[in-house]
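What follows is a set of notes on a single structure, which appears directly below.
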Amino acid sequence: RRSTRGRPRRHTSGRLIAVGAAAALASSSSPSLIRGAEVSPDIRVPPFLSCEEHADWASLRAAFAEVYRDYASREVPPKREELLEDPVFRAMAETAKLNVESFVNWNTEGEIAVNAGFSVLKAWAENPTETQEFSELEQSVCFFGRFTCIYTWAWSLSLTEGTAAAVSMLLLASQLLQFGQYDWTEHAGWPVNSWHALVNVFRLNRGLPFLALPRAWSPVDPLAHLVPSVWPLPVPQPRRWAQRLNVFYIAMHVVPFSDILTFVQEWWSPRGGFEGGSSQLNANYMGYPRCCPEGACSQQDMEEAKLYQADWRIPFCCRDPFLYNLLGIPELHDHSEGQWAKAYRHHELQPWAETKATFRAQYHDFLAKDVDLILCGHPLYWCTLFEDLLGDPVRKAMVAVFDQPPFFLVPEEAEPSFGETLRNFADPTLYPNVAVVGFAPFFARQFEWTFGRPIPHSRPIALIIKDVWRPTHTSEVLISTSIDRLANNVLIHFAAHNAEAFVSPEGEPLRFMRWEQDLGYETPKSALSQMRAVAMLPYDFAHFKLPEFVAMGMPIFMHTQLWKWTVRWSQLIARPGGQKASLYRQAPEACYPEGPDVGLPMPEFPEAFWRQPWGTSQDAAVASADDAEAGATGDACLAGLREWDDGEAGPPYGRSPFGLYSVDRRHLQPLDSSAFWSRWSEMSLIPHTVYFDSAAHLIDLLRSTPLAELVEVSKKQRSWHRRAALQVVDFWRGLVGSLLEGDASAFKGRAGAGGGGGRR
C-alpha cells in the first residue's frame with residue numbers, strides 16, 4: 001500500500017486542504033485576475049475554471065504561478081542539482097504529488113487512471129446561459145488545478161525517477177483533458193497549459209531536459225505570405241475553347257468543389273467573366289440526408305431532408321435515385337457498425353467492380369457524348385468510375401479534387417492498385433487530360449510526400465460569397481460554428497463573468513452570438529455580415545467558414561492554438577493515409593537555428609521552401625536571390641532539402657519534412673510535426689487575421705479595438721481576397737481549358753519528381 005503520510009486532509013465537504021510544505025507556498029496575493037503583458041488585469045476568469053472561490057486552490061494557484069514565473073524569467077534554466085536543492089521547488093513538487101495521489105488511481109498492474117469529475121465540467125460548459133448550483137464537493141474538483149499538479153509532479157519525476165515516469169505522468173495530464181476534449185487550459189488562468197505538457201513529452205523523449213514554461217508557438221510563420229494561393233501560377237490560356245461547357249460533378253461534399261463549381265457557372269466563357277448559358281452542370285452532390293431523392297431513402301430520411309432546404313448546397317444535390325442507390329449513400333452513412341465501416345465494405349474489390357460495371361452500362365454513353373469535363377472526389381475512389389473514359393479513344397477531361405487522405409473510404413485490399421492509379425493520374429505524360437488538384441497548398445504537399453508526384457493546388461477562396469460586411473449590429477460578435485461546441489461556450493461564460501467590462505471603445509455593451517445555438521445554422525450570410533466581428537475556434541485543416549468570412553471582409557478573431565485543433569481531424573488522420581503514413585523524416589540539421597533553448601526545437605526554412613511548392617531546377621537561382629542575406633545556414637538548409645529531390649526510396653518524397661499525417665491524434669506526437677504543419681493550415685496562411693491566446697485575451701481585444709480599426713482590417717482582407725480570387729479564377733480557366741485541349745501537363749510537376757520517375 002502507498003503511504004498516506006503527509007497526504008492532504010479533507011473535510012467532510014471534500015474541500016482540499018493544503019498542509020505541510022504546501023502551506024509555505026501560499027501567497028497573500030489574489031489569484032482572481034489574469035495578469036500579463038497582453039491582458040488587462042480586470043478581466044476575470046470564471047471561478048469554475050480558476051477555482052478562485054476555494055481558498056486552498058486559490059492559494060496553490062497563486063503560489064504555483066509565482067514559482068513558474070520566477071523560473072521562466074531566468075536567463076539560464078536551473079540545473080537538476082539546483083532544483084533538487086531548492087526548498088521552494090521541493091515544496092511545490094511535494095504539494096503537487098500529494099494532490100495528484102488524491103485523485104489518481106493505480107491498479108495492481110501499475111496502470112493509472114484519473115478520477116476527474118468530467119460530468120461536472122461538461123455540465124458547466126453545456127449550459128453557459130443558465131445559473132447552475134454545484135455542491136461544494138463538485139466545485140472542489142478544480143479540474144485545471146489538478147492538471148497543474150500533474151504537470152508539476154512530472155517535472156519533479158523527470159529529475160528523480162527519469163524520463164519514463166515523467167512522460168507517463170504528462171500523458172496522464174493529456175488523459176485528464178480527454179485528449180483535447182476538455183483542453184481549456186489556456187483559458188483557466190493557471191500557470192501551465194497543454195502546450196507545455198506536450199512540448200515536454202517531446203523533449204523528454206528526445207533526451208532533452210524538462211523545461212518549466214516552453215515558449216508558446218506562434219500560429220504564423222514569418223514567411224507564410226510567400227505561399228502562393230494557386231500553383232502553378234496562371235499560364236497562357238489555350239487558344240480554342242468550347243463555347244458551352246457541360247460538366248458532370250459527383251462527390252459526397254460540395255465545399256472542396258465550391259470554387260470550381262462557381263467558376264463553371266459564373267466565369268466560364270472564351271473571353272472570361274460571367275456569360276449566361278455558357279455552361280451546364282449535371283450536379284450529383286451525394287449529401288445525406290439533405291439530398292435524398294424521391295425513391296432512394298426512407299420516409300424518415302425524406303422528412304429530415306426537408307429541414308435542410310435552405311442550405312446553400314441543395315442546388316448541387318443529386319436528383320437521380322438510381323445513382324444515389326447505386327453508390328449506396330444511405331448505407332454508407334449508417335455508422336452502427338463503426339464509423340464508415342459499411343462504406344469501406346461497399347468499396348471492397350468485388351462489390352466495387354460490380355458497381356463500376358453497372359455505372360459503365362448506365363452512364364458511360366451519356367458521359368462520352370454529352371459531357372466535356374468530369375469533377376470527382378471526396379472520396380477520390382469514386383474517380384475510378386470514369387477510368388474507361390480517360391484513355392483512347394474518348395480521353396475525357398477530368399479534375400479529381402484531393403481534400404482528404406488518399407485512401408479515405410478505400411478498403412486496405414484496394415490501396416495498392418488505387419495508389420498506382422492516383423500516381424498515374426498525376427503523371428504529366430500518362431494522363432495529360434486528367435489533373436489531381438490539391439484543395440489547399442498543404443494537400444499538394446501531402447500528395448507529393450505520399451506518391452512522389454507534384455500536383456497543382458488552388459486554395460479555397462469562396463467565390464460563391466456575394467455578401468459584404470456591413471456592421472450595423474456593432475454590439476454583437478458572432479461565434480462561428482465549431483466541432484468543439486463546449487469550447488465555444490467557454491467564451492460565453494467569460495462574457496457573462498465580465499459583463500461590466502465587456503464594452504466597446506464606442507461605449508456599447510458587447511455580447512457574443514453563437515451561430516448555431518442563438519441564431520440557427522440556416523441564418524443567411526447577409527445577416528451574419530451585419531455583426532461587429534467573428535470569433536473562430538479553428539477545426540480541420542481548411543474548413544470553408546474561414547474563406548467565407550474573408551470574402552465578406554468580416555474581421556476575424558482566431559484562436560492561436562492551431563497546433564491542437566487543425567491536425568486532429570479527418571484531413572490529416574493517418575488510417576486512410578496508407579501503410580506508410582506513419583513515416584517521419586527529420587528536417588536537415590542545417591535548418592535548425594542556433595540560439596537559446598526555449599522549448600520545442602524547430603527548423604527555419606529559406607524563402608524558396610515557401611515560394612516554390614514543387615522545388616524545380618530554378619532552385620539554384622531562387623536560392624541565390626532569396627538567401628543572399630540569409631548567410632551560410634540558409635544556403636546549407638536549402639542544400640539539405642535539395643538532397644531529397646531525387647530520392648527514389650520514398651515515401652516520403654519531395655521537400656516536406658516530418659510526417660504529413662497525424663499518427664497520434666491523442667497526444668499529437670511527434671509535436672514538431674503537428675506544430676510545423678499547423679502553420680500550413682488555411683487558418684495560418686490567410687492573412688489579416690487577429691489572433692487571441694485565451695478567452696480573456698479575446699475579451700480584451702474586442703473591447704479595446706475601435707470599429708474604425710476593424711474597418712481597416714476589413715479593407716485589407718477584401719483587397720487580399722480580390723487578388724487571390726482573380727488568381728483562382730485564372731487558375732481554373734487555364735487548367736480547364738488545358739484539359740479540354742487534351743494537355744494539362746503544364747499544371748503538373750515533372751514526371752517522377754521526388755519519386756524516381758515512371759511507374760512504381
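We count residues from 1, following the sequence as given.
Between Val410 and Arg575, the shortest heavy-atom contact is O-NH2, 3.9 Å. The two atoms that bring Phe439 and Pro256 nearest to each other are CE1-CA, 3.4 Å, heavy atoms only. The two atoms that bring Ala551 and Ile461 nearest to each other are CB-O, 4.3 Å, heavy atoms only. Ser678 approaches Ser681 most closely through the heavy-atom pair O-OG, 2.7 Å. The shortest non-hydrogen separation linking Phe425 to Val436 is CB-CG2, 3.7 Å. In terms of heavy atoms, Tyr308 sits closest to Pro289 at CE1-CG, 4.2 Å.
Using a distance-only test at 3.5 Å, with no hydrogens or angles considered, a donor-acceptor pair links the side chain of Gln446 to the main chain of Leu660. In terms of modelled atom types and a separation under 3.5 Å, the side chain of Thr523 and the main chain of Leu519 share a donor-acceptor contact. Remark: the backbone N or O of Val567 is paired with a side-chain donor or acceptor of Ser662 at under 3.5 angstrom. In this structure, the side chain of Lys342 does not engage the main chain of Gln339 through any donor-acceptor pair within 3.5 Å. Of the possible donor and acceptor atoms, one in the side chain of Asn433 sits under 3.5 Å from a partner among the backbone N and O of Leu390. Within the 3.5 Å criterion, the main-chain N or O of Arg244 finds no donor-acceptor partner in the side chain of Gln280. Under the 3.5 Å distance criterion, the side-chain polar atoms of Ser279 are matched with a main-chain donor or acceptor of Val264. Trp614 places a side-chain N or O within donor-acceptor distance of the main-chain N or O of Ile455, the cut-off being under 3.5 Å. Although no hydrogens or angles enter the test, the distance criterion places a donor-acceptor pair under 3.5 Å between the side chain of His335 and the main chain of Trp340. Without hydrogens or angle criteria, Glu415 side chain to Pro411 main chain gives no donor-acceptor distance under 3.5 Å.
Using a cut-off of 4.0 Å between Lys/Arg side-chain N and Asp/Glu carboxylate O, Lys748 and Asp427 are scored as not salt-bridged. Between Arg532 and Glu476 there is no salt bridge, since none of the side-chain N atoms of the basic residue sits less than 4.0 Å from a carboxylate O of the acidic one. A salt bridge is absent between Glu387 and Lys396; no separation between the charged side-chain nitrogens and carboxylate oxygens falls under 4.0 Å. Electrostatic pairing of Glu420 and Arg423 counts as a salt bridge here, judged by a charged N lying under 4.0 Å from a carboxylate O. Using a cutoff of 4.0 Å between basic side-chain nitrogens and carboxylate oxygens, Lys525 and Glu548 are scored as salt-bridged.
Checked against the 6.0 Å centroid threshold, His457 and Trp231 do not count as a close aromatic pair. Taking the six-membered ring wherever Trp is involved, the centroid distance between the rings of Phe386 and His364 does not fall below 6.0 Å. Phe257 has its ring centre less than 6.0 Å from the ring centre of Tyr249. A centroid separation of 6.0 Å or more is found between the aromatic rings of His225 and Trp610. Aromatic ring centroids of Trp569 and Phe541 lie 6.0 Å or more apart. Annotation: Phe408 is in aromatic contact with His378 [ring centroid separation under 6.0 Å]. Here the two rings, on Phe418 and Tyr381, have centers that are under 6.0 Å apart.
Here CD1 of Ile479 is found 12.5 Å from CZ of Arg485. Values are rounded to the nearest 0.5 Å. Put simply, CZ on Phe549 and CZ on Phe557 are 13.5 Å apart, with the number rounded to the nearest 0.5 Å. Between the CZ atom in Phe544 and the CD atom in Glu682 there is a gap of 11.0 Å [rounded to 0.5 Å]. Atom CE in Met302 sits 6.5 Å away from atom SG in Cys292 (nearest 0.5 Å). In this structure, CE on Met536 lies 10.0 Å from CG on Asn488, to the nearest 0.5 angstrom. In this structure, NE2 in His253 is found 7.0 Å from CZ in Arg313, a value given to the nearest 0.5 Å.
Inspection of the Asn284 and Tyr324 side chains reveals no N or O donor paired with an N or O acceptor under 3.5 Å. Counted by atom type alone, Ser719 and Arg723 present one or more donor-acceptor pairs between their side chains at under 3.5 Å. Looking only at atom types and distance, the side chain of Asp320 has a donor-acceptor partner in the side chain of Tyr363 under 3.5 Å away. With hydrogens and angles left out, the side-chain atoms of Thr262 and Asp259 include no donor and acceptor closer than 3.5 Å. Between Thr481 and Glu516, the side chains place no donor N or O within less than 3.5 Å of an acceptor N or O (distance only, hydrogens not considered). Side-chain atoms of His347 and Trp382 include a donor-acceptor pair closer than 3.5 Å.
Among pairs with a residue in residues 245-258, none fulfils salt bridge (charged side-chain N to carboxylate O under 4.0 Å, His left out), at least two apart in sequence or across chains. Within the structure, the salt bridge (charged side-chain N to carboxylate O under 4.0 Å, His left out) test picks out no pair touching residues 361-371 (sequence neighbours left out).
Between Arg459 and Ser229, the closest side-chain pair of non-hydrogen atoms falls below 4.5 Å. Looking at heavy atoms from C-beta onward, Leu389 lies out of side-chain contact with Met398 at the 4.5 angstrom threshold. In this structure, Ser570 and Asp540 have side chains that are in contact, with non-hydrogen atoms separated by less than 4.5 Å. The shortest distance between side-chain heavy atoms of Val399 and Leu373 falls below 4.5 Å. Side-chain contact check for Leu261 versus Leu375: some heavy-atom pair is nearer than 4.5 Å. Between Val230 and Phe747 the shortest side-chain heavy-atom distance does not fall below 4.5 Å.
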Quiz: residues 683-690 side-chain donor-acceptor pairs under 3.5 angstrom, not counting sequence neighbours:
unit_1 : atom_1 : unit_2 : atom_2 : d
Ser684 : OG     : Pro219 : O      : 2.6
Ser684 : OG     : Arg679 : O      : 3.2
Thr689 : OG1    : Ile686 : O      : 3.4

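Cys318 has its SG atom 2.5 Å or further from the SG atom of Cys291.
Tyr521 meets the ring pair (Phe, Tyr, Trp, His ring centres under 6.0 Å) test with Trp515; sequence neighbours excluded. Not counting sequence neighbours, the partners of Asp484 by the side chain to side chain contact (heavy atoms under 4.5 Å, CB included) test are Trp184, Ser482, Leu486, Ala487, Trp565. Ala574 is linked by a side chain to side chain contact (heavy atoms under 4.5 Å, CB included) to Ala581, Tyr661, Val663, counting only residues two or more places apart in sequence or in another chain.
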- Item | Working for salt bridge (Lys or Arg N to Asp or Glu O under 4.0 Å), residues Lys306 and Glu303 | CA-CA 5 Å; Lys306 294 178 181 178; Glu303 290 298 318; 3.2 Å; yes
- Report the C-alpha separation of Glu448 and Arg453 in whole Å, then their side-chain angles, then the decisive distance to 0.1 Å, and conclude whether the salt bridge (Lys or Arg N to Asp or Glu O under 4.0 Å) test is met. CA-CA 5 Å; Glu448 182 185 21; Arg453 294 287 189 272; over 6 Å; no
- Item | Test disulfide (SG to SG under 2.5 Å) applied to Cys383 and Cys376, step by step | CA-CA 6 Å; Cys383 295; Cys376 57; 2.2 Å; yes
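Shown here is Gln300, whose CD atom has no more than 12 heavy atoms of other residues, nucleotides or ligands within 6.0 Å.
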